Amino acid sequence: MTDPGTDEAHQRRFDAMITAEERIEPRDWMPDAYRRTLIRQIAQHAHSEIIGMQPEGNWITRAPSLRRKAVLIAKVQDEAGHGLYLYSAAETLGVGRDELLDLLHQGRQRYSSIFNYPTVTWADVGAIGWLVDGAAITNQVPLCRCSYGPYARAMVRICKEESFHQRQGFDILYTLARGTDAQRRMAQESVDRWYWPSLMMFGPPDSESTHSEQSMAWNIKRFSNDELRQRFVDMIVPQAEALGLTLPDPALKWSAERGHYDFGTPDWDEFMQVLKGNGPCNRQRLEHRRTAHEEGAWVREAARAHAAKSRARQRAAA
Ligand code: FAQ
């Protein structure tokens with residue numbers, strides 16, 4: 001049985017570390033609720049990375065040139081890598097990767113709403129890079145200062161790669177926007193479809209966000225959902241001008257008083273529907289993931305057999 005006196009001392013030490021902006025490491029004592037929150041967020045983040053491979057993976061065989069195909073394959077592979085760093089970070093909190101994948105496959109853990117939208121044109125690969133990776137970076141740069149060490153460190157590398165991803169998406173749209181009329185129209189139509197869902201990636205408005213207050217007190221989240229959404233809009237408006245494309249938001253205008261762009265309200269009913277599993281691609285994404293997992297069983301089995309053999313060989317040589 002744990003000694004309540006000791007738990008109080010641990011809690012005081014944990015609180016002092018948070019106040020002093022120190023990193024919490026896996027060996028440190030942490031409150032159960034802090035651990036649970038991190039597992040929820042990091043798992044959701046990891047699941048988003050691997051489910052996020054599907055919308056773009058859809059275009060690998062149809063990329064318009066060898067160069068675009070090679071870049072896209074590398075990007076999709078990067079997302080798999082991000083998933084691996086993040087599952088490893090979650091494992092330091094005492095959960096197994098298999099357990100987390102089971103929860104995803106059973107629909108008991110979430111992944112980002114954005115990946116439930118379809119990629120119907122090549123321009124969507126550009127819009128995902130520019131807007132979705134752009135939103136991801138805006139959200140993730142502050143996570144490099146998250147109080148939990150393994151998550152913060154994973155974020156540093158992920159953010160570097162996401163910046164490159166955003167540039168390649170911008171480059172695709174830039175090329176299309178300067179192409180034929182049909183290419184320009186395709187780029188604009190894609191931005192029209194991805195703009196609002198990308199604003200929803202930051203989560204519900206602060207007034208509806210159940211976890212923000214506590215996560216900010218623990219230095220897991222450094223800014224609220226609405227603060228980051230604003231930062232993102234301020235970043236993409238001049239980028240849209242450079243692209244020569246418009247953002248489908250009639251309320252968008254510079255506010256000299258606030259020093260920020262005013263913007264419209266996302267359709268939060270649509271967001272809630274997507275979270276409930278009723279987005280355009282929810283069923284397809286999960287079904288595909290489950291099938292890929294089942295079909296990959298032999299690879300996991302072979303890797304386990306190889307690891308067991310290597311261990312036996314090392315023991316024999318010792
Ligand atoms: N989708 O109280 P809050 C990428 C849920 S980037 C689905 O505000 P929190 C890169 C939330 O879980 C995308 N669910 O929650 C890439 C909670 O549900 P619960 C991944 C959402 O955690 C690019 C409820 O709503 N990035 O993958 C969403 O404090 C291109 C109440 O919300 C991350 O995960 C949503 N958008 O703040 C890959 C970043 N928003 O558990 C491939 C790390 C909220 O109570 C291609 N995560 N919910 O049932 C975070 O920063 C936070 O978790 C937030 C949400 C900001 C997403």
Side-chain angles (χ1 to χ4, degrees), residues 36-59 72 74-83 85-86 89-90 103-104 107-117 119 124-146 148 151-152 154-155 158-159 161-166 168-169 194 196-218 220-229 231-232 266 268 270-277 279 282 285:
R36 277 198 307 274
T37 292
L38 280 168
I39 292 173
R40 177 186 61 80
Q41 179 166 327
I42 300 173
Q44 177 167 326
H45 197 163
H47 299 331
S48 304
E49 300 283 356
I50 61 164
I51 295 268
M53 295 166 72
Q54 293 184 37
E56 288 170 292
N58 183 33
W59 279 91
L72 185 56
K75 180 188 192 287
V76 172
Q77 196 168 305
D78 281 354
E79 309 300 357
H82 298 174
Y85 310 151
L86 288 162
L103 290 169
L104 169 67
R108 290 168 58 206
Q109 273 183 343
R110 299 185 187 285
Y111 59 88
S112 181
S113 50
I114 193 74
F115 301 118
N116 293 304
Y117 291 86
T119 41
D124 290 349
V125 175
I128 290 186
W130 177 44
L131 293 173
V132 176
D133 284 282
I137 298 166
T138 309
N139 166 275
Q140 288 168 192
V141 166
L143 289 174
C144 297
R145 293 189 295 114
C146 153
Y148 188 57
Y151 191 27
M155 278 301 122
I158 290 178
C159 284
E161 292 178 355
E162 301 289 28
S163 304
F164 176 73
H165 294 170
Q166 198 206 11
Q168 69 84 41
W194 288 92
W196 291 109
S198 69
L199 293 194
M200 294 175 196
M201 285 175 70
F202 296 92
D206 291 352
S207 54
E208 307 292 321
S209 166
T210 32
H211 306 290
S212 281
E213 196 181 331
Q214 181 60 73
S215 289
M216 287 173 74
W218 278 328
I220 295 174
K221 283 169 89 164
R222 293 300 184 143
F223 298 96
S224 75
N225 299 355
D226 288 335
E227 284 169 330
L228 291 174
R229 202 173 352 258
R231 195 177 274 200
F232 176 63
W268 292 119
E270 176 183 317
F271 175 72
M272 288 316 296
Q273 281 305 320
V274 173
L275 257 59
K276 282 186 192 145
N282 292 59
R285 298 286 185 242

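One-based numbering along the sequence shown. Side chains included, hydrogens not; waters and symmetry mates left out as well; all remaining heavy atoms used. Order of appearance sets the numbers: ligands from 1, and atoms from 1 within every ligand. It should be emphasised that the depicted structure is a prediction, and the values quoted were computed from it without experimental measurement.
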In terms of residue, atom name and distance, what is the protein heavy atom nearest to [atom]?
atom                    : value
atom 21 (C) of ligand 1 : Gln44 NE2, 3.7 Å
atom 42 (C) of ligand 1 : Glu79 CD, 3.4 Å
atom 39 (C) of ligand 1 : Asn139 OD1, 3.1 Å
atom 15 (O) of ligand 1 : His211 CD2, 3.6 Å
atom 18 (O) of ligand 1 : Arg110 NE, 3.1 Å
atom 6 (S) of ligand 1  : Ala136 CB, 3.6 Å
atom 10 (C) of ligand 1 : Glu162 OE2, 3.3 Å
atom 50 (C) of ligand 1 : Gln41 NE2, 3.5 Å

Check this for me - ligand 1, [X], N or O atoms closer than 3.5 angstrom, yes or no?
X      : answer
Asp133 : no
Glu56  : no
Lys221 : yes
Met201 : yes

Parallel, tilted or perpendicular: rings of His82 and Tyr85 (30°, 60°): tilted
Numbering the atoms of ligand 1 from 1, which are under 4.0 Å from a heavy atom of [X]?
X      : result
Tyr151 : 43 (C)
Ser209 : 2 (O), 3 (P), 8 (O)
Lys75  : 30 (C), 46 (C)
Thr210 : 2 (O), 31 (C), 45 (O)
Phe202 : 56 (C)
Tyr111 : 1 (N), 7 (C)
Ser113 : 1 (N), 7 (C), 35 (C), 36 (N)
Gly52  : 42 (C), 46 (C)

Looking only at heavy atoms, is any part of [X] under 4.0 Å from ligand 1, and if so is it the side chain, the backbone, or both, or is it neither?
X      : value
Phe271 : side chain
Leu228 : neither
Asn225 : side chain
Ser215 : neither
Arg40  : side chain
His45  : both
Phe115 : side chain
Val274 : neither

Short N-O contact, Arg231 and Glu227, less than 4.0 angstrom: no
Salt bridge Arg229-Asp226, side-chain N to carboxylate O under 4.0 Å: yes
Donor on one side chain, acceptor on other, Asp124 and Tyr117, under 3.5 Å: no
Euclidean distance, Ser113 OG relative to Glu270 CD, rounded to 0.5 Å: 9.0 Å
Side chain to side chain donor-acceptor pair (under 3.5 Å) partner of Lys75, chosen from Glu162, Glu56, Gln168: Glu56
Winner among Ala135, Pro204, Gly203 once heavy atoms are compared against atom 32 (O) of ligand 1: Pro204
Greater than 12 external heavy atoms within 6.0 Å of Glu213's CD: no
Donor-acceptor contacts, no H, no angles, side chain residues 134-146, under 3.5 Å, sequence neighbours left out:
unit_1	atom_1	unit_2	atom_2	d
Thr138	OG1	Gly134	O	2.8
Gln140	OE1	His45	NE2	2.8

